Number of protein chains: 2
Amino acid sequence: MQNVWSLSSLKICSPACDAGASVLKDSFISQVYDRANSLLGQKIRVCGWVDNIRDLGGVRFVLLRDRSGVLQVVIKKGVTPETAIETSKELVKETVACFEGTLVESKSKLKYELQASGIQVLSKPVEPIPLEPATSTEAQLNVRLDYRWLDVRNLKVSAIFQFESWVANKFREFFRQNGFVEVFTPKIVAAGTEGGAEVFPVIYFGREAYLAQSPQFYKQMAVIAGLERVFEVGPVFRAEAHHTVKHLTEFHGLDIEMGFIEGPEDVMNMLESFFRYLAKEAEIDDSIETVRNYFDLALRVPSKVPRITIREAYEVLKERYNHQLPYMEDLDPQAERELGDYALKEYDSDFIFVTEYPWKVRPFYTMRKPQEPEWTLGFDLLFRGLEIATGSQREHRYDQLLANLRDKGLNPERFQFYLNFFKYGAPPHGGAGLGLERIVKQFLNLDNVREARLLPRDPERLTP
Amino acid sequence: MQNVWSLSSLKICSPACDAGASVLKDSFISQVYDRANSLLGQKIRVCGWVDNIRDLGGVRFVLLRDRSGVLQVVIKKGVTPETAIETSKELVKETVACFEGTLVESKSKLKYELQASGIQVLSKPVEPIPLEPATSTEAQLNVRLDYRWLDVRNLKVSAIFQFESWVANKFREFFRQNGFVEVFTPKIVAAGTEGGAEVFPVIYFGREAYLAQSPQFYKQMAVIAGLERVFEVGPVFRAEAHHTVKHLTEFHGLDIEMGFIEGPEDVMNMLESFFRYLAKEAEIDDSIETVRNYFDLALRVPSKVPRITIREAYEVLKERYNHQLPYMEDLDPQAERELGDYALKEYDSDFIFVTEYPWKVRPFYTMRKPQEPEWTLGFDLLFRGLEIATGSQREHRYDQLLANLRDKGLNPERFQFYLNFFKYGAPPHGGAGLGLERIVKQFLNLDNVREARLLPRDPERLTP
C-alpha cells in the first residue's frame, strides 16, 4: 500500500514499547517487507489478527495478519520474556494483538520474522469461530455472507473490496478530469423511473414513495440545470425477484450524463476511454499491489472497442453460434456470453458495444433513431460477455418525449414532473449507467456478483 | 476550471463551423477568458444558454451562459450574415444555442465579446420561463426548489454544487491518503441503527425493512472484518419531522471508522487534519476558481482546534452567555451558536470539539468513560456554531456492549446480528459521521441546508 498509516501503531505502542524500540510509523504488514532492509535487527511493533498458531513445545509460531499481508512472530524461551510467554498462551485464532520484537531474517518462505519481546492482547474471541478466515473461500457462499466479517479477513476476499474501492475512485478521477461534476440525487422519490412495478415502496410520513431505481431522471435534470456534465456513484434499488449470479436488489451504480453531444458515440467514446484508463492504471498503480497478489489485473481494451448494431449481433449469433434470437428482442445471457467470445476472438477485446437497440425493449426516454424509429440510439456495453453498462442518447425535445410516452402506453400525467425539465431549453444529451459490482466481478473473474458486494441484498437476503 | 472539455464543442462544431474557424477544444466559457490573448481575432465557437438579450435596433447583444461564466455575443449587420441575423430573431431567454464568431476586445466590463458569424439553435423553451435564472436567488426558496433546474442555472447556485462535488472529493482524497478504504454498505436494512422509531419503513418482498439511518453498524463491521480503516460517502435517511434550516430527511453522510485507536482523540485528530487540509485546498485549488467568484472560501483552522468537555461547555455558556443548560443534557441550537462564537473569539477558530458527552444522550454503542461511566468518549464537532460531525470511540468489548444495551433498556435480541460482529476479535475503534450539506452550508455561509442539496427532501417535500 502506498499510504502511510502513522497514527494507530504509534499511539498504541507508546505506553507499551520498550524504551529502545523503533516504532514503525506505518503499521501495514506489507510495509514491514517493503522496508525490511532498514528494519532488520530493529525493534518494531505490529498489530493485527492472529491468523494461525503453531506450538512446537519450546517455541510458538504466530502468524499475524492485517489487510495487507501476514508476518510470522516467533515466541521462544531465552528471547521472549517469561511474562510475554505467559501471555502468548492466551492466544487463539482471531485474537487481536500487538507484538513488539526484533525483525530478523528467516528460512521460511516469508523470508522475515519477528522475534517477540512483548505482546499486548487487544481483543479475544468469546466463542469458537464459525468460519475460519484462512479457508473461508472454500465455504459455501451463503455461509460466507452470513459471517461476512470473518470472510473478509481472508486476504483474497479483502483484496476484492480494496479493489472495488479503487475502481470507484478511478471512475470519479477519470470523469472529473473530463469536466464532470459529482451530483447527489435523492433516493426517495415520488415516482419510479421506468414506470414499471419493480420498485420498493417506502412509507414517507404516511405517504407512499419509492426507492429510486436509478438516478436517471435527476442526472438528466442536473445536465439541463446547467451542470452540463455530471456523474453519480450511489445505491440503486431494484425490486426484481431474480435469483441469478448477476442480480442484486441493491447495488452501486456509476452513472454519467453529458450535455451537448452530437450522438450516442460521444457517450461510448467516453466509456471506452474510461476503461482504457482503468486498464492502464490497473497495470501500474502501486496502491493495488496487494490485489495483484491474488488476481490477474490484465485487461484487453483495444484502441477501438468493437461496436456492432444489435441487428449485426443477431447475424453473428445465428451464423457463428447457431443461436437464433427473436428479431427486435433483447439479448439473452447466452447471447451476451457468445458476443463476449466473439469480441475476444475477432477483436482481442474484453469489451464490445451493442448499439441501436429496438425501441420496444428500451425505456421511453431513449432517443429513437432518425428515419428508423423502430430502433434507438441506445446501446449496451458487454464486458467479458456480461452487460455492465446501458446507455443512450436521450430524447431532449419536449414534444417528442410526450409522443414517446404515449407510444409506450404510459400516462404523461404521471411523468409531468419529469417532462417539465424539458420545457425551458434542454441541450442534446446522453449518458450511461454502470454497475460497480458487475465491473469488479468481471474484472476479477468472480463467479457471483455477490462476491463483489460487502453485504449483498437479494430477494432472500436482508442480513446481516 | 482546470479540466479540459474536448468532446462536445468539437463534435457539435465540426459540421457547422466555418472552414477557417479555430475550434475551441474546451468549451467552458471561463476558458475563453483564460486564453483570450491567444484567441483574440480568432474564430471560435461557444455553446450554452441565452442568459439575456438586448436589442438596440441594428445590433443585438446576447449574453451566453454556461456553468463557468458568461460571454457577450454581438450580432450586427455587416458583421453577421443575414441568415444568422434571421436566426437570432428566434432567440429568447434560456434558448440553448451555439455561436461561432471572432473574439474581439470590448469596452464592456466583460472585456471581450464574440462577433457572431453563425448561430445554431439546439433547443428552445416551449413555454415562458417561470423563474429567471439570473435573479432566481431573490425568489422564495420553495419556488426555487420547485424549479430547481432553472434555479441551478444561476451561476451562484451552480457554484454551490460545484463546490459540494469538490468537498466530497477532497474528503475521499484525504482519507485515502491516510489508509482508509471506501466501503459501500446496504441502505436497506432489517433493523434501525439506534433502535429509535425515526426510520422509514420499506416493503421488501412482502417483508418489513428500513432505510439505514446511518452506516454505523456496517462501517464498524468493515473495520472488524479487517479492512481496519474505512470511509463511506452515501445517503442517510432520517424520518424526523423537523422543520428547521438544518434538517433534511435524506442527506449525504461522510462517514469514517478506524481501527486500532488508543482513544477518541485519534479520531478527532484525523477530523481536524481533514479540515486543515480542506482549508488549505480551498485556498489554492484552481479547479474551484469559479466558486471563489461568488463565495469567500477562507476558513479558520488553528494549529490546535479547541477541545472542551461538555462540562466545561456548560460553564462557558453560563458564565459568558448567561445560558444555563440542564446538567447532562445535550447542547441546544443556541448553545451551539454561542460555543461557535466562543471558539472564534477565544481561539480564532471556526471549529470547536465538545467532548465527553453524557451517556444518557448518546447511543448504546458509544464507549463510556472509564471510571466515570455517566460520561462517554463521544464528541461533537461544531463548525461556525453548528454541529457538523458526531463521533466517538465505540464499545468493542462484547460483554460491555451487551451491558450498554441493557442499560439503555434495549432488547439485545433485536441487536444480536450486530453483537455477533464483536464475538471473534474486534480491535478498539472509533469514528465519526459528518453531514456533507451542513459542511457546505457552513463553509459558504448559506442560510438553509436545503440550498446545499440539489433536490432536498423534508417532511413536506418529495418532489421534484
Side-chain angles (χ1 to χ4, degrees), chain A residues 3 5 7-8 11-12 47 49 67 94-96 122-123 125-127 129 149-150 152-153 158 162 165 168 177 179 181-184 186-188 190 200-203 205 209 221 224-228 235 250 252 260 262 266 398 417 421 423-428 454-455 457 459 462-464, chain B residues 3 5 7-8 11-12 47 49 67 94-96 122-123 125-127 129 149 152-153 158 162 165 168 177 179 181-188 190 200-203 205 209 221 224-228 235 250 252 260 262 266 398 417 421 423-428 454-455 457 459 462-464:
Chain A
N3 299 315
W5 183 350
L7 190 68
S8 60
K11 288 280 176 175
I12 292 180
C47 304
W49 283 260
R67 78 176 194 214
E94 300 312 314
T95 301
V96 181
L122 298 177
S123 173
V126 298
E127 274 180 17
I129 47 173
W149 65 102
L150 291 169
V152 176
R153 293 185 196 171
S158 182
Q162 294 179 45
S165 168
Q177 281 166 8
V181 173
E182 184 170 11
V183 290
F184 305 96
K187 302 308 160 201
I188 304 182
F200 290 112
V202 178
I203 300 164
F205 299 105
M221 192 210 79
I224 295 168
L227 292 175
E228 305 183 45
E250 179 181 348
H252 251 68
F260 298 97
E262 206 188 7
D266 296 333
Y398 184 83
F417 85 100
F421 302 160
K423 280 185 177 169
Y424 315 110
L454 191 59
L455 292 156
R457 297 290 182 250
L462 192 52
T463 55
Chain B
N3 299 315
W5 183 350
L7 190 67
S8 61
K11 286 280 177 174
I12 291 182
C47 305
W49 283 259
R67 79 177 194 213
E94 300 312 313
T95 300
V96 180
L122 298 177
S123 172
V126 298
E127 273 180 17
I129 48 172
W149 64 103
V152 176
R153 292 184 196 171
S158 182
Q162 294 178 47
S165 167
Q177 281 167 10
V181 173
E182 184 169 10
V183 291
F184 305 96
T185 68
K187 302 308 160 203
I188 304 181
F200 290 111
V202 178
I203 301 163
F205 299 104
M221 192 210 79
I224 295 169
L227 292 175
E228 306 185 45
E250 179 181 348
H252 252 68
F260 298 97
E262 206 188 7
D266 296 333
Y398 184 84
F417 83 99
F421 302 160
K423 279 185 179 170
Y424 316 109
L454 191 59
L455 293 156
R457 297 289 183 249
L462 192 52
T463 54

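Everything numeric here is computed off the predicted structure, so don't read it as measured data. Every chain is numbered from 1 and lettered A, B, ... according to where its sequence line falls, protein lines coming before strand lines.
Counting heavy-atom pairs closer than 4.5 Å to chain A, the top-ranked of the candidates Ala168(B), Pro427(B), Pro459(B) is Pro459(B). Chain B forms the most heavy-atom pairs under 4.5 Å with one residue out of Val183(A), Val152(A), Thr463(A), Leu462(A), and that residue is Leu462(A). Counting heavy-atom pairs under 4.5 Å between each of Leu455(B), Thr95(B), Leu454(B) and chain A puts Leu455(B) at the top. Counting heavy-atom pairs closer than 4.5 Å to chain A, the top residue among Phe417(B), Phe184(B), Tyr398(B) is Phe184(B).
Ser123(A) contributes atom OG, which lies 9.5 Å from atom CZ of Phe260(B) (distance to the nearest 0.5 angstrom). In this structure, CD1 on Ile203(B) lies 11.0 Å from CZ on Phe200(A), to the nearest 0.5 angstrom. Taking NE2 of His252(A) as the start and OG1 of Thr185(B) as the end, the distance is 8.0 Å to the nearest 0.5 Å.
Between Lys423(A) and Glu127(B), at least one side-chain nitrogen of the basic residue sits less than 4.0 Å from a carboxylate oxygen of the acidic one, meeting the salt-bridge criterion.
Here the side chain of Arg457(A) pairs a donor or acceptor atom with the backbone of Ile188(B) at under 3.5 angstrom. A donor-acceptor pair under 3.5 Å links the side-chain atoms of Arg67(A) to the main chain of Leu227(B), judged by distance alone. One N or O on the side chain of Trp49(A) and one on the backbone of Gly425(B) form a donor-acceptor pair closer than 3.5 Å.
The parts of Tyr424(B) that come within reach of chain A are both its backbone and its side chain, each placing non-hydrogen atoms under 4.5 angstrom from that chain. Interface residue Pro201(A): backbone and side-chain heavy atoms are both found under 4.5 Å from chain B. For Val202(A), the parts lying near chain B are the backbone and the side chain together; criterion is any non-hydrogen pair under 4.5 Å.
Under the salt bridge (charged side-chain N to carboxylate O under 4.0 Å, His left out) criterion, Glu250(B) pairs with Arg453(B), not counting sequence neighbours.
Lys187(A) and Pro235(B) make their closest contact through CG-CG, 4.0 Å (heavy atoms, listed as atom of the first residue, atom of the second, distance). Across Ala426(A) and Val96(B), no two heavy atoms sit closer than the pair N-CG2, 3.8 Å. For the residue pair Met221(A) and Trp149(B), the shortest heavy atom distance occurs at CG-CB, 3.6 Å.
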